[in-house]
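Beneath this line is the structure, given in structure tokens, with notes to follow.
Keep in mind that what you see is a predicted model, and the values were worked out from it rather than measured. Here is how names work: the chains are called A, B, and so on, in the same order as the sequence lines, proteins then strands, and each is numbered from 1.
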Amino acid sequence: MRELAPQYDPKEVEDKIYKIWEKSGYLNPDNLPSKNKKPFTITVPPPNITGSLHIGHALNATIQDIIIRKKRMEGFKTLWLPGTDHAGIATQNVVEKELKKEGLTRHDIGKDKLIEKIWQWKEKYGDTILNQFKKLGSSMDWSRVRFTMDKEYQEAVKTAFFHYYEKGLIYRAERVINWCQRCATSLSDLELEYKEADSNLWFIKYPLVKNSEPKIQNTKEEYIIVATTRPETMLGDTAVAVNPKDERYKHLVGRNLLLPIQNREIPIIADEKIEIEFGTGAVKVTPAHDLLDADIGERHKLPILKVIGQNGRMTDGAGKICEGLKISECRKKVVEELQKLNLIDKIEPYKHSIARCYRCNTIIEALPSMQWFLKMDELAKKAMESVKSGKVKFHPKRWEKIYFDWLNNIKDWTISRQIWWGHRIPVFYPNEKQEKIRNPKSEIRNKSEIYVGNSPPKNYTQSDDVLDTWFSSALWPLATLGWPDKTEDLKNFYPTQVLSTARDIINLWVSRMIFSGVELAGKEPFEDIIIHATILTKEGKRMSKSLGTGIDPMDLIEKYGADATRFGLIWQQMGGQDIHWAEEHVIAGKKFCNKLWNSTRFVLMRNGEKEHDNLKPKALTDADKHILAVFEKAKKDANKYIEKYEFGQALHILYDFYWHEFCDIYIENSKKQTENDKIIENTRILLAHILSESLKLMHPFIPYITEQLWEVLPIKKKDLLIVEGWPAK
RNA sequence: GCGCCCGUAGCUCAGUGGUAGAGCGCUUCGUUGACAUCGAAGAGGCCCGAAGUUCAAUCCUUCGCGGGCGCACCA
């Protein structure tokens, strides 16, 4: 037996214990004892290679580790598969920022060189997070680390693309899409963040054109006033719309207006979608640069006139005086011109939300662009069915509403991106058509001129587009296990059992994994989805790196130890509620570890070096009976709560039992009992029994200290605690 | 606008149809061999407001107020 120091020092224990786990091989399911038969799998939500571990990751990793460790002790063949995501736009942006420090842009060095730089960056920093997971004590299988740009993973992505393409679910079309001018790429709706901003509502007069047809009466009105937050887009207006029920305008529908500045005639049309109450009830319609207007335009077969280009400047369509101007400049210019013409009725201050890029915060423009889309109707139905049937369950259940809401209103998914870092779309065009392809106006309509597949004919060149990062993330549980190859791992570990993640990617990621799994492998990728708490500041605000309100879990580990950090995180994870972060609970965790340490010292001192091989205590005294009874209850309740994924509750129970029942009461009683020769032996066995069983129950929560204490317990024939039998079964 | 979550001790949060609990903090006492990262004792709460259901509500229902979040095409 080894002497225990009078205080617990995490620094002396953690790294040493982690190495023991790694060396034991038990992190890899293939090396687990033969009793561990039935597979149990979690694939970690792959963090972006750009990131470092934040407090939310730490909570999530701890939750998954608790589940995995418990299952491993219960005798499952557990696989917790680690990995990282290439995170297309995010990563490219980070590396571009690095370039900028040298005064370079990506265009200066070119595509190949940029991609090379990103790979270098990945080699250097990409494993940061994985090492931080280790520090936390995560019992992941390091022999199976995956990356979404691994060679095999790229094959999986292509296979998925071909599958959808052959099924006719993938198509290319010119549509009005979200465009980030800084990233120079399209974005899906989910990649936007709306932020409120102060702006104006401009009220502009559009003069009515006198009508020569006798059937249509000319009226007293000389103009219609439209209200807009974006005066510059008027240059691309192709109609003005009013609600058909609006009495003010009913008689004007069908008449023409003269679009100021451009001096084009545009019709007045009627559309149900127009709110009578808002503004003047008359809306300028710019099909090229507004998603709603694009819908209206389609319904009324309006021409689409592009006035804003992908570079964020006005196109020739905007007319001579505005061509080449930035959007903001053009706005000023247009307002100025309108004022000259005396066509501004009034300007009112107005607050509204503006879409911004979720990666770089640039204002998003809607504009027509040739992109690849994935048809969503059929896939969305499958995804909904998986949850409706109960094959996949959300915990807490309320989150399924977010899921259904999105799937019920789904639009086709824009899967192509114009960035450089990512999975190239496996589509090839004949070389002589390259120019045409880059120019959306002359899209190749003839399908036979496109090659989709693995071995393109000579003189064909691959498309420059890459896939949305989430297209590959959607394959995570499949591709990491070897799909589409029928590997042993795929057979053993797919479908997985649990997915634990943050609520903000329920649709971005979770729903897409579900339909991908069902569509491509015929099985839902997991059974239970845990949506864990979001950690906010004590004041209830979002943590933010730039505001310095974030918390680095590594600092906590450094200060209090990994077990205390895990304890603090889980202590606060109650009922799926958001956590208003309070560090004192980590301090409580540190104190608890020390209590555990010292109570173990006590038991060892009382029991001496004698090794037990059979800890079957009897209940001889009232104190004995009491402690055994409350222990049974604590064990049962803790187990129940872990199974319901209510980890905070489970931890509270174990804490209360251990400190207040075992230490405060039983240990105190045992001091007297060990003075009585008749019961001294049984008391010692009972002490050792409760201690060792408690260590097992607490191991998933605070793995390092429990493994360390287990090591010094005088018990015969023991393996590492990480594979000891779970007591509550 | 619609929806979701929350409002209990100074702080972070549990909890129950029969007038409340933990951790941290605070006060007083205590260094008897597990632990002062401790032990003992204690102060501290019209359980957001109003109405309703009930013998009885902090807990159920409705409506407010306050805080947070998500969704939405309000130009």
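When the C1' atom is used for both B:C47 and B:U58, the distance is 4 Å, rounded to whole Å. Comparing the C1' positions of B:G44 and B:A20 gives a spacing of 13 Å, expressed to the nearest Å. Using atom P as the reference point in both B:G49 and B:A57, the two lie 14 Å apart (nearest Å). Remark: the separation of the P atoms in B:U8 and B:A56 is 27 Å, to the nearest Å. The same atom, C1', is picked in B:G15 and in B:G3; the two are 28 Å apart, to the nearest Å. A distance of about 7 Å separates the C1' atoms of B:G25 and B:G10, rounded to the whole Å. Going from the P atom of B:C4 to that of B:U62 covers 11 Å, rounded to whole Å. Taking atom C1' on both B:G42 and B:G7, the two are 29 Å apart, rounded to the nearest angstrom.
B:U32 is unpaired under the criterion used here, namely a Watson-Crick or G-U wobble arrangement in which both key atom distances are under 3.5 Å. Of the nucleotides present, B:G52 is the one that pairs with B:C60 by Watson-Crick or G-U wobble criteria, both distances under 3.5 Å. With a cut-off of 3.5 Å on both Watson-Crick or G-U wobble distances, the partner of B:A43 is given as none. When both distances must be under 3.5 Å, the Watson-Crick or G-U wobble mate of B:G66 is B:C6. Searching all strands for a Watson-Crick or G-U wobble partner of B:C71 with both distances below 3.5 Å returns B:G1. When Watson-Crick and G-U wobble pairs are counted only if both distances are under 3.5 Å, B:A22 pairs with B:U12.
As judged by a 4.0 angstrom heavy-atom cut-off over every strand, A:W202 is placed among residues making no nucleic acid contact. Here A:A227 lies in heavy-atom contact (under 4.0 Å) with a base. Within the 4.0 angstrom heavy-atom criterion, only backbone atoms of the sugar-phosphate kind lie near A:Q577; the bases stay farther away. Among the heavy atoms of the strands, none lies under 4.0 Å from A:H289. Across all strands shown, A:C593 has no heavy atoms under 4.0 Å from either base or sugar-phosphate atoms. No engagement by A:K397 is indicated, since no non-hydrogen atom pair under 4.0 Å with the nucleic acid exists. Heavy atoms of A:G540 sit under 4.0 angstrom from primed sugar atoms or phosphate atoms, though from no base atom. Residue contacts for A:L201: at a heavy-atom cut-off of 4.0 Å it reaches no nucleic acid atom on any strand shown. Residue contacts for A:H652: at a heavy-atom cut-off of 4.0 Å it reaches no nucleic acid atom on any strand shown. Within the nucleic acid shown, A:E277 has no heavy atom closer than 4.0 Å to any nucleic acid atom. Within 4.0 Å (heavy atoms only), A:K541 reaches sugar-phosphate atoms of the nucleic acid but no base atom. Counting non-hydrogen atoms under 4.0 angstrom, A:D664 reaches the backbone sugars and phosphates but no base. A:S599 comes within 4.0 angstrom of a base, heavy atoms only. Residue A:F203 is classed as having no contact, given no heavy-atom separation below 4.0 Å to the nucleic acid.
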Does the ring-ring contact (aromatic ring centres under 6.0 Å, His included) test come out yes or no for A:F631 and A:F657, once each step is laid out?
CA-CA 7 Å; A:F631 175 68; A:F657 165 77; 5.3 Å; yes

Between A:D555 and A:K559, is a salt bridge (charged side-chain N to carboxylate O under 4.0 Å, His left out) present by the stated rule, with each step listed?
CA-CA 6 Å; A:D555 291 346; A:K559 222 166 140 188; over 6 Å; no

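Remark: of the listed residues A:F592, A:W597, A:Y560, A:W597 is the sole one forming a ring pair (Phe, Tyr, Trp, His ring centres under 6.0 Å) with A:Y8.
A distance of 7.5 Å separates CG of A:N594 from CD1 of A:I705, quoted to the nearest 0.5 Å. Here the CG-CD distance, from A:L59 to A:Q572, works out to 9.5 Å after rounding to the nearest 0.5 Å.
No donor-acceptor pair closer than 3.5 Å links the side chain of A:N682 to the backbone N or O of A:P617. Within the 3.5 Å criterion, the main-chain N or O of A:I274 finds a donor-acceptor partner in the side chain of A:N243.
Where A:Q649 and A:Y655 each meet RNA chain B at their nearest nucleotide, the meeting point lying more 5' is that of A:Q649. Comparing A:D189 and A:Y350 along RNA chain B, the residue whose closest nucleotide (by nearest heavy atom) sits nearer the 5' end is A:D189.
Once you apply a 4.0 Å limit to the heavy atoms of chain A, the touched nucleotides of RNA chain B run 5' to 3' over B:G3 to B:A75.
Under the 30°/60° scheme for interplanar angles, the aromatic rings of A:Y658 and A:F662 are found to be tilted.
With a 4.5 Å cut-off on side-chain heavy atoms, A:D237 and A:L257 do not count as touching.
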